[in-house]
Protein chains: 2
Amino acid sequence: MGSRVTLRSVAEAAGVSTAAVSYAFNRPQRLSAEVRTRILAVARDLGYAGPNAAARSLRTGRANAVGVILTTELAYAFRDPYVLDLLGGLAETLAAGRTSLVLIPFAPVVAGLTDVQVRESLDAVHRAVIDGAVADGLTDAHPAVRALADRSLPLVLSAESSAARCVLIDDRQAGRTVGRHLVDLGHRDLAMVVAAPDPPGRLVPTVDEATLYPYSRNRLAGVRDALPPGARLRVVSGGGNATGSGHTAAAALLAGGDRPTAIVADSDVLAAAVAHTAAERGLRVGHDLSVTGFDDVPLAAAVGLTTVRQPIAEKGRLMARMLLDPAGTPNRVTLPTHLVVRSSTGPAPARRAGRTLT
Amino acid sequence: MGSRVTLRSVAEAAGVSTAAVSYAFNRPQRLSAEVRTRILAVARDLGYAGPNAAARSLRTGRANAVGVILTTELAYAFRDPYVLDLLGGLAETLAAGRTSLVLIPFAPVVAGLTDVQVRESLDAVHRAVIDGAVADGLTDAHPAVRALADRSLPLVLSAESSAARCVLIDDRQAGRTVGRHLVDLGHRDLAMVVAAPDPPGRLVPTVDEATLYPYSRNRLAGVRDALPPGARLRVVSGGGNATGSGHTAAAALLAGGDRPTAIVADSDVLAAAVAHTAAERGLRVGHDLSVTGFDDVPLAAAVGLTTVRQPIAEKGRLMARMLLDPAGTPNRVTLPTHLVVRSSTGPAPARRAGRTLT
DNA sequence: CTCCCGCTGTTAATCGATTAACAGAGTGCC
DNA sequence: GGCACTCTGTTAATCGATTAACAGCGGGAG
């Protein structure tokens, strides 16, 4: 009852060295069957549950766990199909390597974030007992990534990185493809709805592009690439990657007479919300308004969204493999994407009366 | 470059004791501003990222993380709305306590599971550096629960437990409510589709009730309670809690002329799959066949399922709170459930021709 | 002039294991 | 008989921190 039972107490009770007890648990064939059995019996009697996890981690330098940095609230992440698909891919590969997954929440880095919040989040990153980590959508500049790099842990990002290994998609190219698709359909007045790392629910009509997630920035640049001179592109955010933010953004864009003919959303979740809002306002999606998404999660097919497919689960599997087997995998992989055209996009509507184009 | 930089190397470089360095990171005001600044500067120069996580965990006995035992493959769990909702609730409360979530996969305990697989799973449980754990749907008898108990970690279950703390719903009562609802509608030939801890895809026409998840067993007992003498109840499983298993089970039940008039499913996911299969076969759900679910996840509302609502996220929040604050919370809580009647249930159809009842 | 206290910093014990190196005993082979 | 091995088990160093207890010092109170 007094002190907790340790390797040592078992050793003393069994009349052997601590090494023997350790071997009994970790390298059974290193000991004679007789001694091993006796040790295990004593351990059971004493209620010894096996070597202490933290001590073992310290001594061996291995944790048998990898971290995932999530920059949205966890409760929130569990509702994001992209995140779930990625986690699924990660988990699939990690489970095979008997590795647990540590979900590390990091306060969203907003302009107004206090030092205290960042420090607390960093603390969680520092305290995590892990062998490596993956951070999705974060760059080298993110404090969490820096902290992990300082700990000199293996790190896999899904954004361009000079220091860490990375699994990428060509966001700019993807943006270009979407842009071209819409331009080919005759659209000249576009808007882009992005998920900004801002508190959800707040409308940011004119987004400061410097604060965007790197992938958003690249997709935006791609869409711009595709636009002919004179075409218009507004950028709006309603908050994070959630239905609510999509509604907010769409409501702002569709109010008034000056609405775009096509809306490019940063994700399928946002796109579906935009489409839904449009439909509620009596617009026929794919006719009066074209909407595109990103990712091609199951929702996209269900709603009929034109979107860019990226192999999310494969990305997760690959990231996990790069973490588990640094030697046998490349440092940098670019995964393919392609445009999936469904019913949410169509020819630009004829110019509305009462609105003149220069 | 040579050896990794530790608290000690920083101390030597700064000409102070290791205690001072430790204080610089953990109790800033314990040191004069001057010394603290110097230490932190030296640390930065040396590339010291702060105290080692494992060592700190060992020394302080705290990990700032709690585990979640998942008995389905993780990739699978991330597709289960119940699990996601529960994780969301857990995460919400844990994040507030600056606690990470460790997802620990445990091989599904099937009859045919080898010792080796169990041992490997147990190893993951033993190696996890955590302060406590929650296990959903597992009883005291489960090896993972036993292992955790042996480690004398705080533990919260969602099943009746003598040793651990628990958050429950009254599954038997819920089963009774569903049963009564169907009996009142005139149904006398029922089937129950359960999620069995078996490899998915395998049809188990006559389930061995001893191997069921405890909650399934209780719900089954509840349904039986409600049946009048002479009524029939078959139990079938198509595997885990997934759409595919629901299809398998439904296909088996609906083939042949001897199909039940009502199917009680163990979860909304299964129920939706059953309803879908039935519809494919030309049956009108709610008329020719009644179907009920369990949980009331968003899917249930979308599909119009009659189901039993349970406060899943609340369950998660509560479990987390019981873990973080053992003193301030009760050992045992029962959460309310109630029947939500939608369009998937209706009066039993008139007895079909060609089929005689004794 | 003492006494006592608050500030800073150090000493040293401790958390609970892993594992390289070593040593004694038995064994097979020439 | 002697040598080289394989088996088992032990010794002792080490992983990287935290923190109670202590000590020197300067200053205000009595």
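Residue numbers begin at 1 in each chain, while the letters A, B, ... track the order of the sequences.
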**Message:** I'd like to know if the side chain of B:Thr99 and the backbone of B:Ala95 have a donor-acceptor N/O pair within less than 3.5 Å.
**Reply:** no
**Message:** Checking B:Ser22 now: which residues fulfil side-chain hydrogen bond (donor to acceptor under 3.5 Å, both in side chains) with it, not counting sequence neighbours?
**Reply:** B:Asn26
**Request:** Rounded off to whole Å, could you give me the CZ-to-P distance for the B:Arg30 and D:dC22 pair?
**Result:** 14 Å
**B:Tyr82 side chain to B:Asp136 side chain, donor-acceptor N/O pair below 3.5 angstrom** = yes
**Asked** Looking only at side chains, do B:Ser162 and B:Asp140 share a donor and an acceptor under 3.5 Å apart?
**Response** yes
**Residue pair A:Tyr48, B:Asp150: steps toward the side chain to side chain donor-acceptor pair (under 3.5 Å) verdict** = CA-CA 7 Å; A:Tyr48 181 65; B:Asp150 284 351; over 6 Å; no
What are the atom names and distances for every N/O pair under 3.5 Å that joins the protein to nucleotides 14-19 of chain D?
from   : atom 1 : to      : atom 2 : distance (Å)
D:dT14 : O2     : A:Arg59 : NH1    : 2.3
D:dA17 : OP1    : B:Tyr48 : OH     : 2.6
D:dA17 : OP1    : B:Asn52 : N      : 2.5
D:dA17 : OP2    : B:Leu7  : N      : 2.3
D:dT18 : OP1    : B:Asn26 : ND2    : 2.9
D:dT18 : OP2    : B:Ser22 : OG     : 2.5
D:dT18 : OP2    : B:Asn26 : ND2    : 3.0
D:dT18 : O2     : B:Arg59 : NH1    : 3.0
D:dT19 : OP2    : B:Arg27 : NH2    : 3.3

